[in-house]
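Have a look at the structure below before the remarks.
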Amino acid sequence: MDFDVMKKVPVSEQDPQIRATNFDEVCLGYTKEEAVLEASRCLNCKNARCMQGCPVSINIPGFIAKLKDGDVEGAYNVISLSSSLPAVCGRVCPQETQCEAQCIRGIKGEAVSIGRLERFVADSAKEMGIKPQLPADMVKKDKKVAVIGAGPSGLTCAGDLAKMGYDVTIFEALHKAGGVLVYGIPEFRLPKEKVVAKEVENIKELGVKIVTDAVIGRSLTIDDLFESEGFSAVFIGSGAGLPRFMNIPGEQALGVFSANEYLTRSNLMGAFSPDSRTPIMRAKKAVIVGGGNVAMDAARTAKRLGAEVHVVYRRSEAELPARAEEVHHAKEEGIIFDLLTNPVEIVSDENGWVKGCTCIRMELGEPDASGRRSPVPVEGSEFTIDCDAVIMSLGTSPNPLIKKTTAGLEVNRKGGIVVNESEMTSRAGVFAGGDAVTGAATVILAMGAGKAAAKGIDEYLSAQ
Amino acid sequence: MFEIVTKKCLGPKVFLMEIKAPMIAKKAMPGQFLIVRADKDGERIPLTVCDFDRDTGIITIVYQTVGAETERMSRMNEGECFADVVGPLGNPSDLVDLPIEELKAKKILFIAGGVGTAPVYNQLKWLHDNGVEVDCIQGARTKDLLIFEDEMKAVTKNLYFATDDGSYGIHGNVCVALQKLWDEGVRYDHCVVIGPVIMMKFACQLTKQLGIPTVVSMNTIMVDGTGMCGACRLLVGGEVKFACVDGPEFDGHAVDFDQALQRSRLYKTQEGELMLRLTEGDTHSGGCGMCS
């Protein structure tokens, strides 16, 4: 194959015009030839900076070296030592700010496409029926650990603890395991059956039990887990909480949704399919408020459900918190970005349905505490975007349920659970990580926290 | 699995089911709700808890078939299993946290409308078991729709019936009944109203006028029911609240019922289409103007 060693081997994607009408995966992934070729670009640095950029410290040059030799199984085993969800991370990690940002190749040319290689290895391993293995020298420990939430942090923590020999049970509130991987991230970025369900199966293969329909704080409390269920330690990975709204006039109109509701209907309940029994609004023209990854997911979902989509964001393009790749994909699919624009009122018709979103133009003023230039409204610049749906994607505030039902669990001013350097909370034996601690963040950061907590739990239980 | 051990038809389109759900039966308290899913492709449906038995691990639900999903549930039989039953969700009724002596000192009135009788029964039963005697007005459009008559009688001091068409009890709605009692000199200092939104709205207008602090239970649209999706939001005292984690019980004099009524219509068109698809299936040949 003819290629420029300074650049990434391109990956095939579904044509933007076609994919904007379906929910099939956008990125088609590398073929084996492409993957081995891309692997050949890795310089196998002795002091691998990419590994320092990885929140779960995957031996990146190690797995790429195996791949160079065409040894997919070997590559998979290297990744498995550090990550329980490689097929997920290869797809949704922001590699451009993590491993790939550190890559030496990136100084003069493009970084090695570590994410696509990880995805290739994970997908190929699945096709070949390769499963993660328990360490050969593992000693079974006679202790039970409960993990709350089957999302990225919980699955990671559970997988790592199982590999250390603990008897692990995950309690999941929803009817399906996966957390944000099943309710939040859309099918076209992360296929549910092909990828998420298989990764969950792999965790179960390690001996982890998953109990669905169990809401900790209601069905059982953390105290119950210790006192009547016989667990010696608990990890809280209960994830993000209640959606934020803008508190502007008209926000109660019919057709105003949180991105969480809209995406949960589409993803968890499959409402994007006409066969689904869960309803979802198929808007003609939708306004998505916000500029993060969740906003991009909501925008691209609305587009696929037939809407003309406007993303309304109060700062400029440079400040969009979403990954550049997501913004790029959204634009390719025809999503319109109304930047430096902020909603001030939602207008509804005589039956209470949204008929427009009145916005005001913004300009960037002085830098605020975060260093970003804060947007200031331009007086008298109000205008109305005609639309029949408004989807608020403004982040979430922590779920109050566990805090409310667990005495002595310290939370910070914003409601996030307070943990120490081993991820232990103010309650002995209770650890926490992921969005429940940090507020809305990424899949991989949650996984990193789950991993650190598994180590913390092991140290805690070993010292007993 | 969540097996249906008993199924009864209580009236037109009203069904009672007893379901095996030991984890929930162990924890449920009056005022809480559940989410059920009939099968693996089903929608998540929030329902209030009508009864629970900690020893047998059985919970009781009562529902009216209003859409395709509840219609589908009503076609399930004893021995079959629900794919999912999750709960108990929401906060227990505030009453259960009060000292029994304080409850006994109060003059409490419950107002139950339609299938709202089921969650009211659960609270009445708990109060009765704790030696607290209360009154209840049970309302319905017509006599056939009054459910649980014997059970309700067994757990109330005075049980009054009100039917819109006068076929049973007081002729008129629950507000007419309450006004009548009030005019006769009966006084209450706490009221709990559970039923259709429109009934709760008017009952709360009246109790406000009469100066009776009133609690309502809001059965809103929900998806996850655990504080994640925000579909169940409503305005209480001008503030956004979430029925699943802040409720389902709220101060009836602070709830914006008009907004709640409006939000309850959100998916009516789609629900109607699904119902048509279920009931008419392949025989539906268009003409409704809604299907595509």
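Residue numbers start from 1 in every chain, and the chains themselves are labelled A, B, ... in the order their sequence lines are given, proteins ahead of strands. Only a predicted model underlies this, so the values are computations on that prediction, with no experimental measurement involved.
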Is it the side chain or the backbone of B:Ile221 that comes within 4.5 Å of chain A heavy atoms, both, or neither?
side chain
More than 12 non-hydrogen atoms from neighbouring residues, nucleotides or ligands closer than 6.0 Å to NZ on B:Lys20, yes or no?
no
Do any of residues 25-41 of chain B have a heavy atom less than 4.5 Å from a heavy atom of chain A, and if so, which, in residue order?
B:Lys27, B:Gln32, B:Arg37, B:Ala38, B:Asp39, B:Asp41
Work out which heavy atom in B:Glu43 is nearest to a heavy atom in A:Met269; give both atom names and the distance.
CA-CE, 4.0 Å
Determine the option with the most heavy-atom pairs under 4.5 angstrom with chain B, choosing from A:Asp275, A:Thr396, A:Thr212, A:Val256.
A:Val256
More than 12 heavy atoms from other groups under 6.0 Å of NZ on A:Lys194
yes
So for atom NZ, which belongs to A:Lys285, do other residues, nucleotides or ligands contribute more than 12 heavy atoms lying within a distance under 6.0 Å?
yes
Find the distance between CG (A:Leu254) and CZ (B:Arg265) and round it off to the nearest 0.5 Å.
6.0 Å
Hey, which residues of residues 232-250 of chain B are touching chain A, say heavy atoms under 4.5 Å apart?
B:Arg233, B:Leu235, B:Val240, B:Phe242, B:Val245
Checked B:Met228, B:Gln259, B:Arg263 vs chain A; the most non-hydrogen pairs under 4.5 Å come from B:Met228
Proximity breakdown for A:Ser276 and chain B, heavy-atom pairs closer than 4.5 Å
backbone
Of all of B:Ile24, B:Asp256, B:Asp224, B:Val85, which one pairs up most often with chain A through heavy atoms under 4.5 Å apart?
B:Val85
So which of B:Gly225, B:Gly90, B:Gly230 has the biggest tally of heavy-atom pairs under 4.5 Å with chain A?
B:Gly90
In short, B:Val86 meets A:Asp213 closest at the heavy-atom pair CG2-O, 3.4 Å
Could you look at A:Lys404 and say if it's the side chain, the backbone, both or neither that has a heavy atom under 4.5 Å from chain B?
side chain
Taking side chain as everything from C-beta outward and backbone as N, CA, C, O, which of these in A:Tyr183 sits under 4.5 Å from a heavy atom of chain B? Side chain, backbone, both or neither.
side chain
Chain B contact via A:Ala271 - side chain, backbone, both or neither, heavy atoms under 4.5 Å
neither
With a 4.5 angstrom heavy-atom cut-off, is it the side chain or the backbone of B:Glu69 that approaches chain A, or both, or neither?
side chain
Name the region of A:Ile280, side chain, backbone, both or neither, that has any atom closer than 4.5 Å to a heavy atom of chain B.
backbone
